[in-house]
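Beneath this line is the structure, given in structure tokens, with notes to follow.
When a ligand or atom number is given, it counts from 1 through the structure's own listing order. Keep in mind that this is a model prediction, so the values were computed, not measured.
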Amino acid sequence: MLVAPSILSADFGRLAQEVEAICEAGCDLVHVDVMDGHFVPNMTIGPVVVEAVARAATKPLDIHLMVQNNPFFVDLFAPLKPGFISFHIEEEKHPHRLIQKIRSYGIRPAIVLNPHTRPECVEFLLEDLDMVLLMSVNPGFGGQTFIPGVLEKARRLKEMIEKRNPKCLIEVDGGVNDRNIHELKAAGVDVAVAGSYVFKHESYRRAIESLKV
Ligand code: DX5
Ligand code: ZN
């Protein structure tokens with residue numbers, strides 16, 4: 001399992017040190033939640049702060065867009081050269097075009113599915129994707145309770161991925177901790193996002209290690 005701590009639960013007064021700490025503690029990606037107050041009822045950070053995160057990080061950024069007007073935000077964040085940019089399928093009329101735009105910047109494209117969204121909606125995009133992110137909470141806030149229905153969704157998605165693009169990763173975001181990580185692994189999940197579990201733990205290193213199953 002690859003581990004992507006979500007900095008949403010970090011201490012923003014010491015953001016650079018927090019990012020350095022999770023990278024030193026062995027995370028694989030730094031998950032950055034960008035919210036615009038329209039697609040979700042919360043606002044987080046824009047390019048100035050994400051640039052500071054990119055400077056502090058020694059691991060690739062995994063930018064999770066929760067916004068309206070995805071292409072605008074892709075252009076805004078592309079100069080920071082994140083590893084991944086993911087966008088919500090619920091907010092995009094032309095996902096295939098946006099995937100091409102992300103890839104044209106040399107960034108790996110990913111699509112996010114809200115808890116209610118059927119995995120079949122990305123079936124004919126899988127060949128062009130590097131990752132599908134399944135939300136296991138309603139997007140907008142850290143510290144919510146894991147929705148177990150995501151396990152069946154991951155299993156169904158995994159079957160489609162094996163047929164169409166076995167290299168495509170499955171990521172899960174929301175309420176992930178050391179109690180559900182084994183079930184997630186068994187369901188075919190490759191990347192675990194964890195915010196409050198990592199940042200509330202007394203040792204970032206032990207928290208990250210406990211998710212590397
Ligand atoms: C929620 C965000 C998550 C969030 C996860 O909209 O996408 O990345 O930070 O936080 P936890 O792990 O606390 O559920
Ligand atoms: Zn996220």
Do the ring planes of F39 and H88 sit parallel (below 30°), tilted (30 to 60°) or perpendicular (above 60°)?
tilted
Give the atoms of ligand 1, by number and element, whose distance to some non-hydrogen atom of [X] is under 4.0 Å.
| X | value |
| --- | --- |
| G175 | 11 (P), 12 (O), 14 (O) |
| P139 | 6 (O) |
| M135 | 7 (O) |
| A194 | 12 (O) |
| L8 | 9 (O) |
| M35 | 6 (O) |
| H64 | 7 (O) |
| H31 | 8 (O) |

Part of Y197 within contact of ligand 1 (heavy atoms, under 4.0 Å)
neither
Would you mind telling me if ligand 1 is within reach of the side chain of S6, the backbone, both or neither, using heavy atoms under 4.0 Å?
side chain
Which residue supplies the protein heavy atom nearest to [atom], what is that atom called, and how far is it?
| atom | value |
| --- | --- |
| atom 6 (O) of ligand 1 | G140 N, 2.7 Å |
| atom 2 (C) of ligand 1 | D33 OD1, 3.4 Å |
| atom 10 (O) of ligand 1 | G142 CA, 3.5 Å |
| atom 1 (C) of ligand 1 | F141 O, 3.5 Å |
| atom 13 (O) of ligand 1 | S196 OG, 2.5 Å |

Check: D36 side chain, M43 main-chain N or O, donor-acceptor pair, under 3.5 Å
no
Polar side-chain atom of T44 near backbone of M35 as donor-acceptor pair, under 3.5 Å
yes
State, to 0.1 Å, how close V150 and F146 come at their nearest heavy-atom pair, and which atoms those are.
CG1-CZ, 3.5 Å
Closest non-hydrogen atom pair, I161 against C168
CG2-O, 3.6 Å
Proximal candidate to atom 7 (O) of ligand 1 [heavy atom criterion; set I7, V172, D173]
D173
Assess whether a salt bridge exists between R156 and E152, defined as any Lys/Arg side-chain N lying under 4.0 Å from an Asp/Glu carboxylate O.
yes
Check ion pair D75-K101 (N to O, under 4.0 angstrom):
yes
So among S6, S9, S210, which one has a side-chain hydrogen bond (donor to acceptor under 3.5 Å, both in side chains) with Y197?
S210
Under 3.5 Å: N/O of [X] near N/O of ligand 1:
| X | result |
| --- | --- |
| G195 | yes |
| V176 | no |
| G174 | no |

Pairwise distance CG(L211) to CG(L184) - rounded to 0.5 angstrom
9.5 Å
Ring center gap for F199 and Y204 short of 6.0 angstrom:
yes
Please determine, by modelled atom types, if N70 and E92 share a side-chain donor-acceptor pair under 3.5 angstrom.
yes
Side chains of D33 and H31: is there a donor and an acceptor less than 3.5 Å apart?
yes
Rounded to 10°, how many degrees is the angle OD1/D33-the Zn ion (ligand 2)-ND1/H64?
90°
Output field for angle at the Zn ion (ligand 2), H31.NE2 vs D173.OD2, rounded to 10°, should show 100°
Check: V32 and D62 side chains under 4.5 Å, non-hydrogen atoms:
no
